[in-house]
Structure formats: C-alpha cells, structure tokens
There are 2 protein chains.
Amino acid sequence: MDRIDAMRAFVTVVNEGTFTRAADRLEMSPQLVSKYVSQLEQHLGVRLLNRTTRKLHLTEAGTRYHQRAEQVLTDIDDLENQLGDLQTEARGLLRISAPVSFAIRHMAPLLTEFQKAHPAVDIDLQLNDRKVDIIEEGFDIALRIGHLKSSSLIARRIAPVRLVLCASPDYLKQHGTPQRPEDLEHHRYLRYSYMDQDATGQVHRWLQSSARQAGGDMVSNNGDVLVEAAIAGAGIALQPTFIAGAAIRDGKLQVILPDHEPESMALYAVFAHRQLLASKVRSFIDFLDGYFGEPPYWDRFE
Amino acid sequence: MDRIDAMRAFVTVVNEGTFTRAADRLEMSPQLVSKYVSQLEQHLGVRLLNRTTRKLHLTEAGTRYHQRAEQVLTDIDDLENQLGDLQTEARGLLRISAPVSFAIRHMAPLLTEFQKAHPAVDIDLQLNDRKVDIIEEGFDIALRIGHLKSSSLIARRIAPVRLVLCASPDYLKQHGTPQRPEDLEHHRYLRYSYMDQDATGQVHRWLQSSARQAGGDMVSNNGDVLVEAAIAGAGIALQPTFIAGAAIRDGKLQVILPDHEPESMALYAVFAHRQLLASKVRSFIDFLDGYFGEPPYWDRFE
DNA sequence: GCTTATTATCAACTTTATGTTGATAATCGG
DNA sequence: CCGATTATCAACATAAAGTTGATAATAAGC
C-alpha cells in the first residue's frame with residue numbers, strides 16, 4: 001500500500017461522501033478505495049469511518065485525521081509541482097566553470113544571449129584553468145580544453161580548438177621566419193604552463209627539446225599574456241586561435257609553420273549525468289552546441 | 001514503492017551522509033535505499049543527488065526537496081502518533097460499578113449492544129449501592145444516582161431519575177389513599193436505607209418525621225425488595241420509576257400524591273478526568289449518552 | 001410491503017512490485 | 001598500486017497490488 005495513495009483515497013471519500021464517487025474521481029475501482037481505507041485504518045489502529053451501506057459518518061479520529069491529512073497532501077502536491085517546474089522550465093542557479101582566457105574573450109555574449117532566452121536562470125561563472133571536480137565543488141557544467149580522458153562524466157564536444165605557432169612580423173624580420181620545425185631550436189618560446197606534456201608532433205618535440213639554445217624563454221599560465229608578449233615581439237607562442245585569431249587577422253601576428261600545425265584539440269562541456277539532467281543544464285548545453293560555428297568565428301583570420 | 005518510505009529514505013540519506021548509514025538507521029539493505037531514492041528521482045523527474053561512490057552531493061532540486069520533505073514527514077509522524085496515542089481502537093477491560101437494582105433491570109441489553117459495537121472491549125460489571133472510590137478500587141466508570149456533590153471526578157448526566165410514592169391498590173383500599181403529605185403520618189413506610197438524609201420537600205419531611213405513628217415500617221438497602229413488599233401490600237414505598245415503573249404500568253402499584261413528587265434526581269456516569277481518556281471509556285460514555293431516551297422508556301407508565 | 005437499484009465489502013485470481021542475495025564498477029586511503 | 005568501502009546492477013523468490021465477479025445490506029420506487 002502506498003500510504004500517500006491511501007491517504008488520498010480516504011480524504012477523497014470524505015470529500016465526495018461515498019466510496020463510489022471517490023473511486024470515480026480517483027479513477028480506480030470502489031473495491032480498491034475500500035481496501036485502501038481499510039488498510040489505512042488498520043495501519044493507524046483507528047476506525048476513521050463508520051459506514052453503513054448507505055451513509056458514511058466520520059469518527060472523531062476520522063475528523064481529526066481528515067483535516068491534517070488534507071493539509072499534508074496539498075503540501076506534497078506543492079512540493080512535487082515545484083520540482084516539476086524546476087524540471088520543465090529552466091530555472092535556478094547555473095554554476096559554470098570555464099577556462100580563463102576563453103571565457104574572457106568569448107563567453108560574455110553567449111551568456112547574455114542565454115539569459116535572454118532563459119530569464120529564470122541565474123548564472124555563476126567561475127574562471128579557472130585547473131581541472132575542477134565539478135561534483136565536489138558543486139558545478140553544473142565545466143568547459144574544458146584538451147583531449148579528454150575517460151571518466152564517469154559526460155562530455156559534449158562544443159568547438160574545435162586549433163593551436164598555431166605565431167610571432168610578430170617585427171620579431172620574424174629580426175630573427176628570421178622558421179621554415180622547418182628544427183629551426184625553432186634557435187627561437188625564443190613563450191610557453192604556456194598547462195600545455196599538455198604528452199603532446200605529440202614535431203613542433204611540440206622541438207619546442208620542449210632540451211636541445212633548444214635560444215634562451216630568454218617566457219612562461220605563463222595565461223595565454224593572453226603570452227599572446228600580448230608575442231605581439232610585442234618577445235618570441236614565438238603556441239596558442240589557440242581563439243586567443244591569437246584576432247591579432248593574426250589584424251596583422252599583428254603572423255602564423256609560423258602552418259603545415260606543421262599540431263593536431264586539433266577541442267572545447268568540451270563536461271557534466272555529471274545523462275539522465276534526469278536539470279533543464280537549466282540541458283538548455284545550456286543545447287545552447288552551447290553549435291553556438292560558435294564550425295569552424296568557429298575566431299578561426300576566420302586567413 | 002511507498003512514496004512516504006521513499007521520501008524517508010532520501011531524507012535519511014541526506015542527513016546521514018551515506019546510503020549505507022541510512023540503510024542501517026532505517027533497518028533495510030543499502031540496495032533498497034538506493035532503489036528507493038532512484039525511484040523517487042524517477043517519479044519526480046529530477047535528479048536529487050549527485051553520487052560518486054565516495055561522496056554525495058545534493059543537487060539544487062535535492063536541496064529544495066529535502067527541507068520540505070523533512071517537514072512533511074514530521075507532519076505525518078505527528079499525525080499518526082496523535083491518533084495512535086489518543087484514538088486507538090477501543091479495547092481492553094472496562095470496569096464498571098453500577099447500582100444494583102438499576103443494573104439488574106436495565107444494563108444487560110445496553111452492555112450487549114456495546115460489546116457488539118466494540119468487540120475488543122471486555123467488561124467487568126460490579127454491582128454495588130455504596131459509593132465506591134473509582135480510583136482507589138480501579139473502576140473506569142461508576143454509575144450513580146442522586147444529586148452529585150462536587151468532586152475531582154467528571155460526571156455525565158445519563159438519564160433523569162424520578163421518585164414516586166406508591167402502594168398497592170389493596171393496601172390503599174384498606175388504609176385509605178393519602179391526599180396530603182400530612183396523611184403519610186399514619187401509613188406504613190417501606191424505607192430505603194441509603195435515601196439521601198438531607199432530602200427536602202414535604203413528602204420527605206413527613207416520611208422521616210419522628211412524629212410518625214404508624215409502626216410496622218420496613219427498611220432495606222435494596223429497592224426491589226421494597227417494591228415487591230409494596231406490591232404485596234406491606235405499605236408505601238418511595239422508589240425510582242426505573243424500579244416501580246413496570247409494576248405501576250401493570251396496575252400492581254398505584255402512584256400516591258403525584259402533585260408532591262420529589263424533585264427529580266439523575267443517573268450519572270462518573271469517571272476520572274484525564275487528559276487522554278482511554279477510548280474504551282470514551283466510547284462507553286458516548287454509548288450511554290442518549291441510550292435510555294428523554295424521558296427514559298421506564299417512565300412511560302402513565 | 002415487496003422489488004429494484006445502489007452501496008460497501010469479500011473472495012479468488014492474475015499481474016506487478018518488493019526486497020533479498022550475490023556480483024560489479026568506481027573511488028579513496030595507505 | 002592494492003585493499004577497503006561505496007553505490008548500483010541483476011536475478012530470483014516472495015509478497016502485494018489491483019482486477020473481476022459475487023454477496024449482504026440498505027434506501028427508494030411502485
């Protein structure tokens with residue numbers, strides 16, 4: 001016996017006045033209503049209704065139980081409806097973790113548009129380049145760049161992330177433009193701290209090679225700084241196009257060794273579960289999907 | 001799935017922090033707790049908990065659901081306990097003290113009917129005309145006749161008790177029918193031992209007057225004996241109608257001085273006041289109330 | 001006053017759900 | 001990296017749910 005259904009049966013019988021009408025309203029058989037009420041009485045150890053075949057009379061216990069049970073039932077209805085709304089209409093606080101440089105350049109218009117489409121959703125955007133534990137830290141979604149390792153999380157690919165080698169025209173005029181990966185040995189490298197250590201490809205190999213002899217390298221955990229340094233002529237940077245693209249299009253940077261471009265990575269949206277996903281999360285993922293285009297607008301610099 | 005149990009499972013998991021501890025507390029298997037929570041989520045269409053094998057985290061929906069569900073559960077507990085303590089089905093031994101003559105004539109059908117309505121109640125009926133101490137002697141209810149003195153006990157008026165003066169037609173033919181209270185002076189009085197000493201009214205005054213000169217009075221502590229004596233022509237009795245009524249209706253007794261009938265007394269049910277009246281007691285009092293009618297059936301002799 | 005219609009409940013039965021057990025995958029501490 | 005702990009899955013025997021048809025009891029209609 002589902003006690004809630006039993007309570008509902010009893011309350012309906014009292015309100016409707018007969019078992020049969022209550023059964024109609026509840027869309028079940030009168031026998032079942034009778035059974036529910038009996039079981040409820042047995043469970044409580046109290047007779048709630050004095051029934052003759054023709055008329056029903058509440059006992060004192062029944063009277064007391066009725067009013068409070070009705071209250072409890074509407075509480076439960078409210079409770080479930082509240083969650084129903086939560087599920088169908090996107091609402092609530094959406095907590096997002098995103099990479100710093102990407103978010104600074106490309107998240108603002110997206111979020112603005114998203115909030116326009118879903119006004120009931122509040123957004124908390126935390127910028128962070130380390131790999132957050134979204135469950136532990138209570139995030140709904142994390143945006144991540146890279147090649148994903150397997151995990152219990154679900155990842156949706158949002159956009160490709162191209163990495164390009166680039167430097168300022170002035171720098172290249174002064175130090176020469178590398179024609180082969182080996183030429184990188186003699187250049188200054190503006191290095192990103194979190195760059196995948198296991199990256200493959202000739203370019204990576206030369207850039208991380210201990211054979212390099214240039215000196216004057218620069219390291220940062222922020223791509224913007226490195227790109228700005230490259231524009232100022234500090235050396236060669238290996239950075240994603242979503243950072244460097246605009247500078248390249250404006251002629252402030254020049255792409256080097258385009259034929260040796262490293263394997264493309266991707267931007268992923270990572271979240272906890274596939275089933276019973278809060279609609280604020282689902283809506284946001286759907287919104288992300290395809291938002292940047294393929295190729296994304298920041299890759300249109302050539 | 002019992003939704004109440006499912007809610008309880010979820011709330012307990014949240015409060016205890018792990019499925020296993022919740023299962024311990026609820027005295028069921030962790031698998032079942034897991035199943036309940038899953039089914040609750042499915043029923044609601046929302047994910048309530050983000051679970052890794054090691055830690056649990058409430059979702060936003062889970063947070064909202066938790067606090068309100070906890071409230072609902074305590075409401076239900078209160079509701080059921082209230083009924084459990086207060087209104088359990090009438091059962092147990094009901095100890096009743098009652099006046100001898102009244103009980104012999106009028107209690108049997110009442111008790112039979114009551115037991116039919118409350119089969120779980122056993123009855124111990126003690127007949128006694130002295131004033132028992134119901135608390136000291138462990139009675140649940142005492143029936144008493146008279147004008148009640150104040151006490152710490154609760155008294156419920158059950159029926160009026162009329163007293164009538166009566167004698168047999170033969171006696172009256174022989175000794176004459178009194179027309180005024182003073183005429184009682186010369187008649188034989190069949191006296192009830194426990195008759196209130198402080199009774200007022202002309203009839204009482206004359207009956208108890210030391211001026212009486214008839215001689216041959218009879219005293220008993222049992223009204224039935226006195227009424228039988230009156231029928232046999234032994235004298236005049238002052239007895240309640242619930243004893244004499246039938247004889248009067250049958251013409252074996254005749255009412256004397258009907259215009260001087262003493263002030264009516266009453267039958268009371270007396271019981272100890274408690275906050276939580278055992279339902280067997282409450283049921284019996286409710287049952288008594290109105291059972292004999294107003295006027296009671298034994299008064300229909302005229 | 002007898003019949004008919006309506007009512008609640010009972011009984012038997014089929015279908016569905018429940019709660020157990022043992023097994024599995026995932027994670028954290030050492 | 002391993003053992004301990006955790007949540008969950010899968011399969012099974014058991015219990016309950018909910019159906020249908022039957023029965024007893026009452027109120028209204030003729």
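Note that these values count all heavy atoms, side chains included, but never hydrogens, waters or copies made by symmetry.
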For atom CD of B:Q42 and atom P of C:dA17, their distance in whole Å: 11 Å
Distance in angstrom units between B:L49 CG and D:dT8 P, rounded: 8 Å
Separation of D:dA7 P from B:F10 CZ (nearest whole Å): 14 Å
Whole-Å distance separating the NE2 atom of B:H43 from the P atom of C:dA17: 14 Å
Residues touching DNA chain D, which here means a heavy atom under 4.0 Å, drawn from residues 26-39 of chain A: A:S29, A:Q31, A:L32, A:K35, A:Y36, A:Q39
Pairing of B:D2 and B:R8 as salt bridge, 4.0 angstrom limit: no
Rounded distance (Å) that lies between atom P of D:dA15 and atom CG of B:D2: 18 Å
Any A:T20 side-chain nitrogen or oxygen under 4.0 Å from OP1 or OP2 of C:dA8: yes
Could you give the side-chain donor-acceptor pairs of residues 66-77 of chain B under 3.5 Å, partners two or more places apart or in another chain?
| residue | atom | partner | partner atom | Å |
| --- | --- | --- | --- | --- |
| B:H66 | NE2 | B:N15 | OD1 | 3.3 |
| B:R68 | NH1 | A:Q82 | OE1 | 3.0 |
| B:E70 | OE2 | B:N15 | ND2 | 2.9 |
| B:Q71 | NE2 | B:D75 | OD1 | 3.3 |
| B:T74 | OG1 | B:E70 | O | 3.4 |
| B:T74 | OG1 | B:Q71 | O | 2.8 |

Pair B:F292 and B:F102, ring centroids less than 6.0 Å apart: yes
Protein-nucleotide distance (A:D24, atom CG; C:dA8, atom P), rounded to Å: 11 Å
Ion pair check, A:R157 and A:E294, cut-off under 4.0 Å: yes
Within the 6.0 Å centroid threshold, strictly below: B:Y297 and B:H106: yes
Identified side chain to side chain contact (heavy atoms under 4.5 Å, CB included) counterpart of A:R156 within the set A:V270, A:I285, A:I141: A:I285
